[in-house]
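Since the structure comes first, as C-alpha cells, the remarks are kept for the end.
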Amino acid sequence: MNVEYNNEKKLFHLFNENFSYVIGILRNGYLGHFYLGNRLYGPLSEDWFRRDQVRAGTPYVYEGDMDFSLNLERQEYPSYGTTDFRAPAIDILQKKGSRIVDFKYDLHRIIKGKPPLDGLPSTRVSNTKDALTLEIDLKDMVLDLKLTLCYTIFPELAVVSRSVRLENLGPETFNIDRIMSLSIDLFDDNWEWSQLSGDWARERYLYSVPLRPGIQSIGSLRGASSAQHNPFVMLKRAETKEESGEAIGLSLVYSGNFLLQGEVDLDGVTRLTSGINPEGFSWNLRPKEVFQTPEAIIAYSSQGIGMLSRTFHDLFRQYLIPEKWQKSPRPVLINNWEATYFDFNEEKILSLAKSAKNLGIELFVLDDGWFGSRNNDTEGLGDWFVNTEKLPDGIAGIAEKIESMGMKFGLWIEPEMVNKNTELFKCHPDWLIGDPERTYSHQRNQYVLDFSRNEVVDAIFDQLTKVLDDVPISYIKWDMNRYITEPFSSGLTAEKQGELFHRYILGVYNLYERLINRYPDILFESCASGGGRFDPGLLYYAPQTWTSDNTDAIERLKIQYGTSMVYPISSMGSHVSAVPNHQVLRETPLKTRSDVAYFGTFGYELDVTILSEEEKNEIEKQVEFFKEYRGLIHHGNFYRLLSPFDGTGNETSWMIVSKDGSEAIVGWYQILANANRGLFKLRLVGLDCKKMYQISGHKEPISGSVLMDFGILMNPAFTGIDLDSSYGGDYQSRIWTIKAV
Ligand code: GLA
C-alpha cells in the first residue's frame, strides 16, 4: 500500500496489491480523475491518461487557447461556473449573490493512518500501519476558502474512502448549498446502474437499468437514509456476473438525507456524485468555521459483483464497526415483540426468558412497551422511566432476574421520538421538529424530537442513563419509527434552518457516541421500523441492524439477498418467527425459517412458551447449530449462487467460505415445489479446488473442484415417489456444511 506523488508529472498514485487510483493536477490547478481499477505498475505519466482536445461547441478556460475546457476533463471535484456544464460537487452562495467558485491545487500531505471525521462516523484504523491518507488542499483565492479532499487507502481492499473539509479563512460568511463527499468522472457510460430500493417490509430489493445520457439518481429527503433507497449504488458491465466482470460500488457512510447521482454527458463520461442531499440543505459557514462532509466509499472489482460485495463486507467488518464487535461473537437472542407486542408483565417476560434459556438462547431482548404509559403506540415515547405496573421491580429487577437465569438482558429504546400524551411533551412542547404556525404531521402517532438542539439530546441522554446505569444490560435495540416532516427547528435562526436535517443526524450520532463511551460493552442494534435506516453510518456505532420488520422466511430471501450486495451477513438482524407469519400470514416449515435466519445475526421472535416438544427439540438443535457455525457465518466470505431476483425467483442460494477455505456452509431455498422435475445441479464457489471436503449428508470426501465445477446433484424428490415430508411441498430449504479433511 502506498501513495506516490510525482512532482514533475503532477500525478498522485494511490495503490495497494490489488488496486490503483490515479489523480492528476490539471493545467489550471483542478484535479483530474485519471484511473480507478486493478493495480497499475511502472511510472505513470499524465499524457497517457488525458489529451488536450479541440472540440466544437465548447468554451475554453484560457484566452487565445483552444484546447483546455473543463467540460472535456475528467475531474475529481468539479467547481461551478467555468466551462463545465455538468453538476458541480460544490455550490456556494456568496454575499454578492455569485455562485462561481474556483478551487485550485495548493498543497498536499500524506498521513499514516486515518484521522477521524469530526462528529461523523467513518472507517477507522487502530493501527496507523493499516491505512494511508492523502489530503489535498485546494484554494479559492477570491473567496479565501480552503477545500481539503481526503483519500484513504487500506491494505489489499480495492477501495478508496473519500471526504471533504471546507474551511473559511476569510472575513465573509457563505452559504454552502451543495458539498458532495465524492465526485468522480468515469471514462465511459457502458454500465448498468443497480440500486437497492423498496419500502417498509420490503427493503433493499435489487433494481438495475442501463445508464443513459442525462442524470439518474437516488436519494432521501426523509431525514433518514430510508427504506425507500439505500445509500448504495453499483455500476456493472452488461456481461458482469457474480464472479466475473467489472463493477464499481459507491456507498455513503451517512444516515440522513443523501444523494447518489450519475450524470452521463454526450461524450459518454459518467460523473458519479455522492453526499448530503443538496435539496433543502444550506449551511451557513462563518469566518474561521469548518464544514466536514460525511465519508463516501468507492470500491472496484474486476471479478464480479460478488467480489465487490466481499470488499464492502471486509471493509465494514474490519474498519467500520466498533472494534469490540469485530471479534466478539454475537449472541443468539430472543425478542418478545412478536410474542407479546405491548401486552406483557414481568411474569410473562420471565416465563419467555426461562423457556428461551432452556433452548440455549443467550440474550433476552425486552422490546417496546416497558416505559411510561406505553400500552399502545399512541403514548409513552419520550418518558424513559420504567412502567412499574408491568415491571414492579424496575428494569434493574427484571434484568437481574434474567441474568440470574444465566442469560444476558437487552432493552428496546426509541430515543428520537415523542408521543403527545407524555410528560416530556407536556414540559417541552417546543422540542418537536415542526413549524408552530403549521400542522405537525404524525406517523404512528409520534413526533420527532429536535435532535439538532443540544439540550434535547442532553435531556434524553440523562433520562436514559438513569435507566441504564448500574443495570446489567448487554444489548440495546435503538429504534426510529418515523421520518421527518415540516422540517423547521425552533432552536435555529432563520439563516440556519437549512442545517436542520444534517444537525439532526449529528445529534443522533452524538447520542450514540455518548452512550457507547459510557457503556462500552453494550451491543447496539439499530432499527427503523425494520430496515429504514440500514446504512454504514449507523454500523459504525451499532454493528447489527434489524433488517426488516418482515420476518417471513420467503420474503426475507429477497431482502437479505439485496442487503448482502453491500452489507455483511454479521450486520443483518434475522429472527425465526411464528407461523402463520405476522406480516404475510404464510406458513413455512420451522427448518426453512431457521435456514434463512442463520444467514444473519440469528435469533427468535415468537412465543417459546407455547411450543410443542417437537418444536422445542428442533429449536434446541438450531441454536446449537448456529453457535457452532456463527464464527464461519460472521467472518467468512459470502457468495451468492442463485438470485431470487432472476427469472421466476423460485430458487435462492448462497454460501459462506471461511477465509482459509477450510470450512463452508451452503443454503438453498425453493419457494414453490415443482412436479416431476428432473435432476439439477447447484455449483458451489469459493472453495479450494484441490482440497478434499467432507460435505454433510455424504459419506465420502469430495474435492473442491468437483463441488465447484460439477456441483451438488439435487434430486427434487417432490414427485410423489419420495414422500419424505421433511423434503416435500412448498417453502423448502437445505443446508450443507462442508469441512476440509
Ligand atoms: C418497530 C420495530 C419492531 C418493533 C416495533 C416496536 O416497528 O421495527 O421490531 O421493535 O417497532 O414498536
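All values below were derived from every heavy atom in this structure, side-chain atoms included, with hydrogens, water molecules and symmetry-related copies excluded. Remember, it's 1-based here, ligands and their atoms both numbered in the order they're listed. If you're wondering where the values come from, they're calculated on a predicted model, not measured in any experiment.
In summary, the aromatic rings of Tyr541 and Trp478 are positioned with their centroids too far apart to meet the 6.0 Å limit. The distance between the ring centers of Phe232 and Phe312 falls below 6.0 angstrom. Residues Phe342 and Trp337 place their aromatic rings such that the two centres sit under 6.0 Å apart. Between Phe602 and Phe626, the distance separating the two ring centers is shorter than 6.0 angstrom. Here His634 and Tyr629 keep their ring centres 6.0 angstrom or further from each other.
Using a non-hydrogen distance threshold of 4.0 Å, Glu414 does not register as a contact of ligand 1. Put simply, part of Arg444 is less than 4.0 Å from ligand 1, judged by heavy atoms.
The nearest protein atom to atom 9 (O) of ligand 1, hydrogens excluded, is given as Lys477 NZ, 2.7 Å; this is a heavy-atom distance. The closest protein non-hydrogen atom to atom 12 (O) of ligand 1 is Asp368 OD2, 2.6 Å. Nearest to atom 10 (O) of ligand 1 among the protein's heavy atoms is Asp367 OD1, 2.6 Å. Protein heavy atom nearest atom 3 (C) of ligand 1, with residue, atom name and distance: Asp549 OD1, 3.4 Å.
In Asn481, the part holding a heavy atom less than 4.0 Å from any atom of ligand 1 is the side chain. Only side-chain heavy atoms of Asp479 come within less than 4.0 Å of ligand 1; its backbone N, CA, C and O stay farther off.
In summary, the atoms of ligand 1 found under 4.0 Å from a heavy atom of Cys527, numbered by their order in the structure, are 2 (C), 8 (O). For ligand 1, the atoms lying closer than 4.0 Å to a non-hydrogen atom of Gly530 are 8 (O).
Checked for salt-bridge contact, Glu414 and Lys477 miss the test: no charged N lies under 4.0 Å from a carboxylate O. Under a 4.0 Å N-O distance rule, the pair Glu362/Arg630 qualifies as a salt bridge.
Which of Trp546, Phe342, Trp337 comes nearest to atom 5 (C) of ligand 1 through a heavy atom is settled by distance: it is Trp337.
No option in Asp368, Asp383, Asp367, Asp343 other than Asp368 meets the salt bridge (Lys or Arg N to Asp or Glu O under 4.0 Å) test with Arg374.
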